[in-house]
Every structure is written in C-alpha cells, then in structure tokens.
Amino acid sequence: MTPFLLVLSSPSGGGKTTIARALLQARTDVGYSVSATTRPPRPGERDGHDYHFLTGAEFERRVVAGEFLEHATYGGHRYGTLRAEIDRVLGNGCHAVLDIEVEGARQVMGRMPDAVRVFVLPPSAKVLVERLRSRDTETPETRRVRLARAAEELLAVTEYDYAVVNEHLRDAVNAVGAILDAESSRVARRRDLAGFVENLRQGVAAAATRDEGV
Ligand code: 5GP
C-alpha cells in the first residue's frame, strides 16, 4: 500500500473531526495529522493530541522556518499542518488524515496534488446550527461568525473529489472508509504492482510451458 493524504473539510459543526476520530478507531491504516493552532484549548482538549497549541510568536517562527505544509487563519486564530506530522504518519505506513478548512486544503492540493479531498456536508442548515449550539464551547458571537463562514465554505465543495453527507455518523464513516479503500486500489498509487504482476506473469508463463492442465 502506498499511503496518501486524506483531506477532510466541512463547515464548522459539519462533523469532520468526529469522522476523523472514528476512522482512527476503526482502522489501523490511518493516522491523524495533529495541527498546530494559536487558538486556546477548549475544555478537555490535550496538547499534542487535539492540537499543538502554540503562541502567536511560535507559530510565526515556524512559518518563517518553512515547517508548515499549509496554514490559514480562521476565526481570528492561526491553524496549520506541520510537515513533520505528515512525515510521521506516512512514515508509519498510514494514510494521513488532515482535518482542515478550505483555504488550507487549496494549499495542500498545490503542493501534494495526489491528496484525496473529501468534503463533509451537514444534512441540513438546521442540523448544522444545532450541532454548533450543542458545543457549548462557542459564544453566540463566535457561533454567528462560524455560521457566516460556513455559508461561504459550502461553495468550495466543487473543488473536492468526494462529498459525503453526514446524517448518521456510522454511515458517513463507512463512506469515507470506502473512499480510502477505492483510492488505495488505484493503479497509479500501487507502487508494488509492477513487481507483483511480473511475478504473476512469470508463474503463468512457466505453467504454460509445463502445460499443467492449461
Ligand atoms: P476548531 O477551532 O473548531 O478546532 O477549528 C476551526 C477550523 O480550523 C476547522 O474548520 C478546522 O478544520 C480548521 N483547522 C484545523 N486544523 C487546521 C490546519 O492545520 N490547517 C487549516 N488550514 N485549518 C485547520
């Protein structure tokens, strides 16, 4: 298997983080790229697990040092994918799941065009609003900002390879898993294929010469 990047985007509250975490639980061939951010941790979030929480100065230092594959600003805070995270996950032989917003996803595609992009859609506006409300980590003002941004971000769906509607979590996770499996089978991604087929060919040709009941 040749591991690749799986970019998951959705408007805030669309459920991409939950899908990413569920995929990690369900499969051994995926790893999570832990992003860096300047946003403060929410209750229960752990440094190095949910995010690498950085000061603005530290984030900027890493930008200048070229440590980010992509980075963007969202809701007044900076977010970015560290190259070291991608190297770590791919180096373990796993597909790297990136849970990132659309501007960052565009940068990834410019730099790693064989990444697979999946856009996660909420089943309705009502559900999106409810999901954001039920996260009581948001104030009404940040919720309003996130919803306004969501309306913008939905337009980006046409830039993605796949769209998955997240009505029932299990179905959405299965759909993303099916995408991973299909993409893994692409001939262009199968670096091992040439050797495998050559072995097969030799075996088949030898059997033909021996005329083993062919
Ligand atoms: P939150 O603050 O809700 O955790 O994330 C806000 C937004 O930032 C979400 O859309 C999330 O996908 C996005 N985000 C998280 N990590 C990254 C990253 O490394 N790069 C970019 N571009 N966006 C990210």
Side-chain angles (χ1 to χ4, degrees), residues 5-24 31-56 58-63 65-90 96-112 115-122 128-157 159-160 163-164 166 172 176:
L5 303 193
L6 177 77
V7 174
L8 280 184
S9 299
S10 78
S12 192
K16 61 188 175 305
T17 310
T18 316
I19 291 175
R21 293 291 179 192
L23 266 182
L24 284 182
Y32 190 67
S33 161
V34 180
S35 293
T37 184
T38 60
R39 123 162 129 54
R42 294 184 183 131
E45 282 184 335
R46 284 183 283 141
D47 189 32
H49 176 79
D50 298 285
Y51 281 105
H52 298 289
F53 294 102
L54 304 182
T55 62
E58 179 60 9
F59 195 102
E60 181 57 22
R61 189 192 67 71
R62 293 185 177 212
V63 170
E67 290 184 24
F68 286 105
L69 173 65
E70 62 74 33
H71 60 92
T73 299
Y74 184 100
H77 300 292
R78 300 183 83 181
Y79 294 82
T81 303
L82 291 161
R83 292 178 193 277
E85 278 291 315
I86 300 299
D87 294 346
R88 176 183 64 78
V89 178
L90 297 181
V97 178
L98 279 67
D99 160 357
I100 64 178
E101 51 70 67
V102 300
E103 178 48 39
R106 288 185 187 120
Q107 294 172 31
V108 171
M109 289 320 286
R111 287 162 200 167
M112 302 193 74
V116 177
R117 292 157 299 177
V118 178
F119 200 91
V120 178
L121 292 162
L128 186 72
V129 173
E130 276 164 10
R131 283 184 188 156
L132 271 181
R133 275 214 188 104
S134 65
R135 260 196 212 171
D136 37 76
T137 49
E138 315 292 338
T139 63
E141 176 54 17
T142 57
R143 208 159 49 224
R144 205 188 52 74
V145 170
R146 281 178 179 240
L147 283 171
R149 175 124 177 190
E152 281 293 308
E153 287 190 320
L154 285 167
L155 294 172
V157 68
E159 298 169 35
Y160 285 68
V164 169
N166 179 21
V176 178

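As the structure lists them, so they are numbered: ligands from 1, and atoms in each ligand from 1.
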> Heavy-atom distance under 4.5 Å between the side chains of Gln107 and Phe68, does that happen here?
Replying inline: no

> Say you draw a straight line from CD1 of Ile100 to OG1 of Thr81; how long is it, rounded to the nearest 0.5 Å?
Replying inline: 4.5 Å

> For ligand 1, does His52 get within less than 4.0 Å through its side chain, its backbone, both, or neither, judged by non-hydrogen atoms?
Replying inline: neither

> Could you state the interatomic distance from OG (Ser33) to CZ (Arg88), rounded to the nearest 0.5 Å?
Replying inline: 7.5 Å

> Taking non-hydrogen atoms only, is Arg39 closer than 4.0 angstrom to ligand 1 via side chain, backbone, both or neither?
Replying inline: side chain

>> Quick check on Arg133: does its CZ atom have over 12 non-hydrogen neighbours (other residues, nucleotides or ligands) under 6.0 Å away?
In response: no

> In ligand 1, which numbered atoms sit nearer than 4.0 Å to a non-hydrogen atom of Gly104?
Replying inline: 22 (N)

>> I want to know if ligand 1 touches Arg42 in the polar sense, i.e. an N/O pair below 3.5 angstrom.
In response: yes

> Evaluating non-hydrogen atoms only, which member of Tyr79, Phe68, Tyr74 is closest to atom 2 (O) of ligand 1?
Replying inline: Tyr79

> Which one of Leu54, Val63, Thr37 satisfies the side-chain contact (heavy atoms from CB on, under 4.5 Å) criterion with Arg78?
Replying inline: Val63

> Does Thr18 reach the side chain of Asn166, with side-chain heavy atoms less than 4.5 Å apart?
Replying inline: no

> At what distance is the nearest protein heavy atom to atom 14 (N) of ligand 1, and which residue and atom is it?
Replying inline: Asp99 O, 3.6 Å

> Does His77 reach ligand 1, in the sense of a heavy atom lying below 4.0 Å from it?
Replying inline: no

> Honestly, is Arg39 close enough over Tyr79, meaning NZ or CZ under 6.0 Å from the six-membered ring centre and within 45° of the axis?
Replying inline: no

>> Tell me whether Gly80 has any N or O atom under 3.5 angstrom from an N or O of ligand 1.
In response: yes

> Under 4.0 Å from any heavy atom of Ala72, which atoms of ligand 1 are there?
Replying inline: 22 (N)

> Is the backbone of Lys16 close enough, under 3.5 Å, to the side chain of Asp99 for a donor and an acceptor to pair up by distance?
Replying inline: no

> To the nearest 0.1 Å, how far is atom 5 (O) of ligand 1 from its closest protein heavy atom, and which atom is that?
Replying inline: Tyr51 OH, 3.4 Å

>> Please list the nearest protein heavy atom to atom 16 (N) of ligand 1 with its residue and the distance rounded to 0.1 Å.
In response: Ser35 OG, 3.0 Å

> Checking side chain to side chain contact (heavy atoms under 4.5 Å, CB included) for the pair Leu82/Val34: CA distance, chi angles, key distance, verdict?
Replying inline: CA-CA 8 Å; Leu82 291 161; Val34 180; over 6 Å; no

> What is the distance from atom OG of Ser9 to atom CD of Glu153, rounded to the nearest 0.5 Å?
Replying inline: 7.5 Å

> If we only count N/O pairs under 3.5 Å, is His71 in contact with ligand 1?
Replying inline: no

> Considering only the protein, which heavy-atom contact is closest to atom 10 (O) of ligand 1, and what is its distance?
Replying inline: Lys16 NZ, 3.3 Å

> Quick one: nearest non-hydrogen protein atom to atom 22 (N) of ligand 1, plus distance?
Replying inline: Glu101 OE2, 2.7 Å

> Side chain or backbone of Glu70 under 4.0 Å from ligand 1, or both, or neither, by non-hydrogen atoms?
Replying inline: side chain

> With backbone taken as N, CA, C and O and side chain as the heavy atoms from C-beta onward, which portion of Arg106 lies under 4.0 Å from ligand 1: side chain, backbone, both, or neither?
Replying inline: neither

